[in-house]
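The block underneath contains the structure these notes are about, expressed in structure tokens.
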Amino acid sequence: MRIEIKVPEVGESITEGRLARWMKAAGDSVQRDEPVAELETDKATLELPSPAAGRLGATLKADGDTVRVGEVIGYIEEEVTPAAQTAPAQMQPKKGLMSPAGGPPEPSGSVGVAPRPALVPAPASGMEAEPKPHEVETPPAPPAPGPVESPSGLQELDEEVVPMSPIRQRIAQRLVQAVHAAALLTTFNEIDLSAWKTLRAAVQSVFQEKYGIKLGLMSFFVKASIHALKQFPALNACIRDNSIVYHNYFDIGIAIGAGKGLVVPVLRHAERLSFAEIERTIADFAQRAQANRIELHELKGGTFTISNGGVYGS
């Protein structure tokens with residue numbers, strides 16, 4: 001039985017993505033829910049599971065193609081049960097039946113009649129016989145192509161065109177939108193972190209031994225941001241239609257540079273997390289971002305974002 005592989009719904013604002021690659025080849029055996037393809041959207045990279053056990057059949061889309069939500073991109077040839085695979089036994093010809101050629105009856109137990117050899121007519125008079133092997137001349141090889149020239153007569157440059165991933169396309173769109181729609185303003189403040197450095201040096205070994213992770217900058221930044229947002233709740237709010245929505249919780253987005261672009265996973269209810277829990281969660285985000293394993297629900301609903309340029313030398 002043929003089962004369709006469809007592009008699933010991956011978010012209310014996502015209507016299409018890019019088929020990054022097929023993880024199985026046509027004819028490969030697959031189990032139910034085993035990943036068969038990788039889909040890139042402007043939010044994250046997802047694995048598409050097989051809807052049934054069987055073999056990967058025809059694929060309608062190739063690596064790199066743009067696909068829409070709900071579109072069929074291939075098929076799974078579902079495995080049938082052994083009972084369904086058992087064909088009815090062939091009926092044996094009865095004794096005394098004449099053969100198809102009208103000759104004597106076939107012996108008992110025969111399962112078929114051997115086909116007669118086809119009669120090949122002799123070549124008509126005047127027709128040329130096929131050439132002998134030594135009479136066939138090999139055509140000359142075509143000349144090697146020269147430099148490709150543009151219509152202007154100039155030699156084309158050696159270039160490589162690589163399509164942008166959906167994530168990078170969305171980043172480019174958002175940057176252009178920000179220039180046209182946002183009031184751009186950057187402020188700089190220098191902060192004396194000597195007290196933090198002294199504290200961190202004093203407790204680092206004990207902290208790492210107890211919690212299995214180093215005490216970094218980000219947990220302090222998260223705690224400091226929450227403290228400030230409690231004093232200025234409008235900075236933790238958003239505009240919804242014609243109303244201002246004040247959030248009484250603190251879902252802090254942490255900007256992380258992944259292999260395919262910037263992602264901002266969210267620390268849910270960061271006000272409830274300890275320093276160690278914040279450091280562990282951010283470390284997990286960073287590891288999974290590099291492997292393109294951030295889930296879509298982890299990128300939604302942030303109320304405030306902290307950028308992290310320190311890893312780039314800022």
Side-chain angles (χ1 to χ4, degrees), residues 8-15 17 40-46 166-168 170-171 173-175 177-178 181-187 189 191 196 207 211-312 314:
E9 293 186 2
V10 291
E12 59 183 359
S13 63
I14 299 176
T15 60
E40 288 183 346
T41 71
D42 58 7
K43 298 289 187 181
T45 300
L46 311 171
I167 292 178
R168 291 200 177 276
R170 179 53 61 93
I171 291 172
Q173 292 170 4
R174 291 290 173 83
L175 289 174
Q177 290 174 1
L184 301 180
L185 175 65
T186 302
T187 63
N189 289 281
I191 301 175
W196 167 82
F207 186 92
Y211 299 109
I213 194 168
K214 289 184 177 181
L215 179 60
L217 272 172
M218 290 305 296
S219 55
F220 282 87
F221 289 165
V222 170
K223 289 291 187 180
S225 296
I226 294 173
H227 182 73
L229 292 172
K230 287 180 178 179
Q231 296 184 52
F232 303 96
L235 294 179
N236 196 47
C238 71
I239 295 176
R240 186 180 300 163
D241 298 326
N242 293 324
S243 303
I244 299 176
V245 180
Y246 292 92
H247 305 296
N248 297 320
Y249 55 90
F250 302 87
D251 285 356
I252 308 299
I254 305 296
I256 296 175
K260 295 184 178 181
L262 184 71
V263 293
V264 187
V266 179
L267 288 169
R268 304 293 177 188
H269 287 287
E271 75 278 7
R272 303 176 184 175
L273 302 179
S274 66
F275 281 77
E277 289 171 331
I278 292 173
E279 294 289 355
R280 285 174 180 166
T281 306
I282 293 176
D284 175 65
F285 283 158
Q287 182 178 4
R288 290 192 289 121
Q290 292 299 325
N292 297 313
R293 292 296 181 266
I294 296 291
E295 301 290 337
L296 279 174
H297 68 88
E298 296 175 301
L299 303 174
K300 297 180 179 180
T303 62
F304 188 80
T305 298
I306 301 176
S307 183
N308 182 11
V311 294
Y312 302 109
S314 300

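Any value given below was found using the heavy atoms of this structure, including those in side chains, with hydrogens, waters and symmetry copies removed.
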Checklist entry - When the ring planes of F220 and W196 are compared, do they come out parallel, tilted or perpendicular, using 30° and 60° as the limits? => result perpendicular
Checklist entry - What residue pairs, at least two apart or across chains, pass salt bridge (charged side-chain N to carboxylate O under 4.0 Å, His left out) with a residue in residues 237-254? => result D251-R268
Next on the checklist: I'd like to know if the side chain of Q231 and the backbone of I226 have a donor-acceptor N/O pair within less than 3.5 Å.
Outcome noted: no
Checklist outcome for this item: Separation between CD1 (I278) and CZ (R272), nearest 0.5 Å, reads 13.5 Å
Checklist outcome for this item: Scanning both residues in full, the closest heavy-atom pair of F304 with L235 reads CD1-O, 3.8 Å
Item to check | Over all atoms of both residues, closest heavy-atom pair of S307 and A255 | outcome: CA-CB, 3.9 Å
Next on the checklist: If you count heavy atoms of other groups shown closer than 6.0 angstrom to OH of Y211, is the number above 12?
Outcome noted: no
Item to check | Between CG on residue L273 and CD1 on residue I252, distance to nearest 0.5 Å | outcome: 10.0 Å
Item to check | Flag if over 12 foreign heavy atoms under 6.0 Å of CD, Q173 | outcome: yes
Item to check | For T303, side chain to side chain donor-acceptor pair (under 3.5 Å) partners two or more places apart | outcome: N236
Next on the checklist: For K230 versus P233, what's the shortest heavy-atom pair and its separation?
Outcome noted: O-CD, 3.9 Å
Checklist outcome for this item: Tightest non-hydrogen contact, residues H247 and C238, listed as NE2-SG, 3.6 Å
Checklist entry - Distance from H227 atom NE2 to F232 atom CZ, nearest 0.5 Å? => result 9.5 Å
Checklist entry - Any idea which heavy atoms bring P265 and I256 closest together, and the distance? => result CG-CD1, 3.8 Å
Item to check | Value rounded to 0.5 Å, distance of CD1 in I306 from CZ in F221 | outcome: 8.5 Å
Checklist entry - Given I254, which of V222, T281, V266, V263 fulfils the side chain to side chain contact (heavy atoms under 4.5 Å, CB included) condition? => result V222
Checklist entry - Which residue pairs pass the side-chain hydrogen bond (donor to acceptor under 3.5 Å, both in side chains) test when at least one of the two sits in residues 217-226, sequence neighbours left out? => result S219-E279
Checklist outcome for this item: Separation between CD (E298) and CG (L267), nearest 0.5 Å, reads 10.5 Å
